[in-house]
Each structure stands twice: as C-alpha cells, then as structure tokens.
Amino acid sequence: MTCVGKERGALIYKGSNFLKQRLILSTLSGKPIEIRDIRLLDDASPGLRDYETDLLKLLDKITNGTRVRVDRSGCSFSYQPGLLNGGSFQHDCCNERGIGYYLDVLLALGPFCKTPLDVTLTGVTNSKESPSVDHIKASGFAALKRFLLVDEGLELTIRKRGIMPGGGGEVTFKCPVRKTLKAIQCVKQTMVKRIRGTAYCCKVSPAMANRAVESAKGTMLNFLPDVYINTDQHKGKRSGNSPGYGVNLVAETTDGSRFCAEAISKTAEEGGNPSIPEDVGREAAMKLLDEIYRGGCVDSSFQWMVALFMALGQKDVSKFLIGPLSQYSIHFLQHLREFFGITFKLENASGEQDEEGSDLDEEMSGSNKVMLTCVGIGYSNYSKKLM
C-alpha cells in the first residue's frame, strides 16, 4: 500500500507490507514515518513480529539519534531516523528470518555511514524466507561493486552455518564508506561463462551434500561445460543447532554479472516426506536456469538495490538493464518516488535495434527485458565529512 497521508512531516503508511523498504528509505532520506494498522485482522497475533522488532533494534545500533515509539498493542509505531554512524558491533538476529533479511539493510546503508561497518551477525545463515548469506555474497556484492568503484574493505565471512529453525550461524560483514556513488551505464546483457556453487550440510551425513551436487551438476552440464560445485561440511559447534543441507548456485557472465539460486532441504517442522538430495540439487539448478532466462545485468533479488543506488548516484544519467520487474521492485520504485521524488523511465528493451540497425534479439534472449533510466539526485554522505 502506498503512502496514505502526511502528519507533522511524517509519511503515514498502513499495514506491514514492505516494512523493510520503508525503514531503509526513511533512514537515507531523513524523513520520519509512521506505520499503522499492523496485522490488525490477525486475531491470534496482531502487531509487529519479533523479527521486525529486531530490525528496528539493528537500525538503532547503526544510527545515532534514532527515535522509535511503539504503541502498547504493537500495531503501530513511529520512526524518526538519526544519523548513520556505522562502526563495530554485534547483533543477534531473530531465527524467524535468515541473517540475509538484516544483511540487506546493512548492504543498502553501509556505504553512507560515518565509519566503515564491521558487524557480527548471529542466527540463521540459510533459510527459504530470506536471501542466504551465500546469495548476498555472490549476487548482492557483484551489484554493489559496480557503484563503489573500489571494493576494498567489502567482506562477508561465514564463520558458522545455521539452518532453520535452530540457527546458530555466525557471519562477519564489513563495508567501506563512500562520499558519493558513481552513475553507471550497464545496458548490455552478456553470456554466462561458468557455473560455480556450494553445497553445504549441517548435522547430517556428508553424502547428502555430495548427492545434491551430482544432481545439480548433472542438470547444468547439459548447458555449459564449466561447472564446479564445492562442498561445505561443518561439524560440531560450527554446524549450528539444526540439521539440514542445501545447494547455492551462481552463474557468472563475461561482464561480471551474477545470477544466484538456492534450494534447501525441509525442516522437521514442515512435516511431510523428508527432502531427497537429488530433488534439492535439481530444484536449485532449475531455479538458476529461470534466473538466467530472466536475464539482465542483475538477478531478480537485487533489482531494488540497483534502483536505490542509481537514484542516489551522481547527478548524471544512469541506465541499467534488468529482467522482468519483480513485485518487490515495483513497490520499491513507488517508495523511491515518495521519499526522494525521483521517477524512473522504464522501457521494454527486447527486440530493439542498435545504431547500425542490426537486431539485438540474440543478445536479449530469454524473457522481456526492462531498461531502467534515471538521473541521480547526487546524494552525498554528509556523515563522512565529519571524519
């Protein structure tokens, strides 16, 4: 739901949808927000969930001077953002969501902090509800590096793995700060040159990961000869608190773009028949093929982040080729207009002709592509001036 009004300078929203988007953009723009009627119709459990409260705590740690007021029922709250401070700290993430749910926020805010981020996050490293830490390291980092120019200091280290529901994983995230982001032109889709991946298992037989690798590899070798998937077998305390396994696959293109997909075994709480490793490997491979078919220069999970950094970039024209817009990205573009007053030009990029009149269908193979175009607002990291 879009903004329903404005009171005392604060943007008013209703419902819990896209809460993370609104908090990120509120923090960057400095505009306060008020969220009302959060799950009012859910009689069993109205109001904010634990993972959403946890996200507010994380934002309080990364900023200085943030004020959050939550009403007694938890069905509404106001958020007055402070200055992005960054720094070094630890945060225990709620196990209802993966660490990726929180890493998204740090990835979007990190470059604009006063001091570089050095954050230790504990919780669930791989879950179906959020992008896994492997996914963010492969695809999210590839998208961010295009805007940072120099990626020195950008790190994500997996110290322990943790599967849902018990978690027990631990990662360290470091992000450098930048005064401004460059405007970019990324308008050409290139070919996939190789497939890489990781099959991980925690508190189960290593044979599970090996069987999933064989299945995923067998599927991908039908399309490309350069396929390599390593196994990541954790034991003891480094394997978290719950059993499980999964496969994360990455397709790398000749220009450095990356498409990611992941499949994870069922947990005991999900019920039904247990997962078969061969099915998990095949599922990951088919999801990756779907991402490659969607195409563009970024995978669907990080379209929103590309749009954000294009909008905040230097006052110059940025163009970026993406696959079909996801629902999440569509709403993010709407929120960008509400918080920053910036509108994107969206063009159908399939079947166009280049300057010489030759058809681009071969380059634009797969589903319809969208060309995102905007002029950046010249967002400057004013916190960095104080260093």
Side-chain angles (χ1 to χ4, degrees), residues 1-40 45-94 96-97 101-121 123 173 175 177 308 311-312 331-332 334-341 377 379-387:
M1 186 182 291
T2 55
C3 180
V4 296
K6 214 171 183 182
E7 286 183 16
R8 299 182 300 278
L11 296 172
I12 311 296
Y13 292 95
K14 287 188 176 182
S16 60
N17 290 342
F18 310 109
L19 180 67
K20 186 164 65 171
Q21 289 186 11
R22 294 162 181 169
L23 289 171
I24 289 172
L25 293 174
S26 172
T27 305
L28 288 170
S29 66
K31 293 181 179 178
I33 59 172
E34 190 174 326
I35 312 287
R36 300 172 178 173
D37 301 343
I38 301 173
R39 301 186 182 91
L40 273 182
S45 180
L48 288 167
R49 298 285 186 260
D50 288 343
Y51 63 87
E52 292 166 337
T53 307
D54 225 23
L55 180 59
L56 291 171
K57 292 177 182 176
L58 176 65
L59 286 167
D60 186 53
K61 289 180 180 179
I62 197 178
T63 56
N64 188 9
T66 293
R67 294 197 298 268
V68 182
R69 292 187 179 89
V70 184
D71 72 350
R72 287 187 178 182
S73 66
C75 292
S76 66
F77 73 92
S78 62
Y79 178 78
Q80 172 71 55
L83 294 175
L84 279 166
N85 191 49
S88 204
F89 60 88
Q90 180 173 347
H91 184 72
D92 297 324
C93 303
C94 176
E96 292 178 21
R97 285 292 182 272
Y101 178 81
Y102 305 90
L103 263 179
D104 272 354
V105 176
L106 296 179
L107 211 59
L109 302 179
F112 306 105
C113 289
K114 180 180 178 180
T115 55
L117 280 177
D118 185 356
V119 185
T120 299
L121 300 171
F173 173 67
C175 183
V177 295
L308 173 66
L312 300 182
H331 285 280
F332 193 82
Q334 293 172 347
H335 283 118
L336 274 173
R337 184 182 59 202
E338 290 163 7
F339 281 92
F340 289 102
I377 64 171
Y379 187 90
S380 180
N381 182 359
Y382 50 85
S383 298
K384 191 173 185 290
K385 293 179 183 176
L386 306 175
M387 291 175 64

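Basis for what follows: all heavy atoms, side chains included, without hydrogens, waters or symmetry-related copies. Nothing fancy with the numbering, it's 1 onward along the sequence.
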Looking only at heavy atoms, what is the nearest atom pair of [X] and [Y], with distance?
X	Y	result
P32	Q80	CB-OE1, 3.5 Å
P111	L107	CD-O, 3.5 Å
G47	C75	N-SG, 3.7 Å
K31	E338	NZ-O, 3.7 Å

* Asked: For Y79, which residues count as a ring-ring contact (aromatic ring centres under 6.0 Å, His included) partner, sequence neighbours excluded?
  ->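 Residues passing ring-ring contact (aromatic ring centres under 6.0 Å, His included) with Y79: none at all.
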
* Residue that, paired with K57, satisfies side-chain contact (heavy atoms from CB on, under 4.5 Å) out of L59, L55, T53 ->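 Of the listed residues L59, L55, T53, the side-chain contact (heavy atoms from CB on, under 4.5 Å) partner of K57 is T53.
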
* Take F18 and F332 through the side-chain contact (heavy atoms from CB on, under 4.5 Å) test and state the conclusion after the steps. => CA-CA 8 Å; F18 310 109; F332 193 82; over 6 Å; no

* To do: Measure the acute angle between the ring planes of Y13 and F339, then classify it against the limits of 30° and 60° as parallel, tilted or perpendicular.
  =>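 Plane angle under 30°, so parallel.
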
* **Separation between CG of D118 and CZ of F173, rounded to the nearest 0.5 Å** =>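 Going from the CG atom of D118 to the CZ atom of F173 covers 10.0 Å.
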
* Asked: How long is the gap from CG on L103 to SG on C93, to the nearest 0.5 Å?
  ->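 SG of C93 is found 7.5 Å from CG of L103.
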
* To do: Report the C-alpha distance between L109 and L28 in whole Å, list the side-chain angles of each, state the deciding distance to 0.1 Å, and finish with yes or no for side-chain contact (heavy atoms from CB on, under 4.5 Å).
  => CA-CA 7 Å; L109 302 179; L28 288 170; 3.6 Å; yes

* Take C175 and L106 through the side-chain contact (heavy atoms from CB on, under 4.5 Å) test and state the conclusion after the steps. => CA-CA 8 Å; C175 183; L106 296 179; over 6 Å; no

* Report the C-alpha distance between H91 and D54 in whole Å, list the side-chain angles of each, state the deciding distance to 0.1 Å, and finish with yes or no for side-chain contact (heavy atoms from CB on, under 4.5 Å). => CA-CA 9 Å; H91 184 72; D54 225 23; 3.7 Å; yes

* Asked: Would you say the side-chain atoms of R36 pair up with the backbone N or O of K14, donor to acceptor, closer than 3.5 Å?
  ->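 Side chain of R36 to backbone of K14, a donor-acceptor pair under 3.5 Å: no, none is there.
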
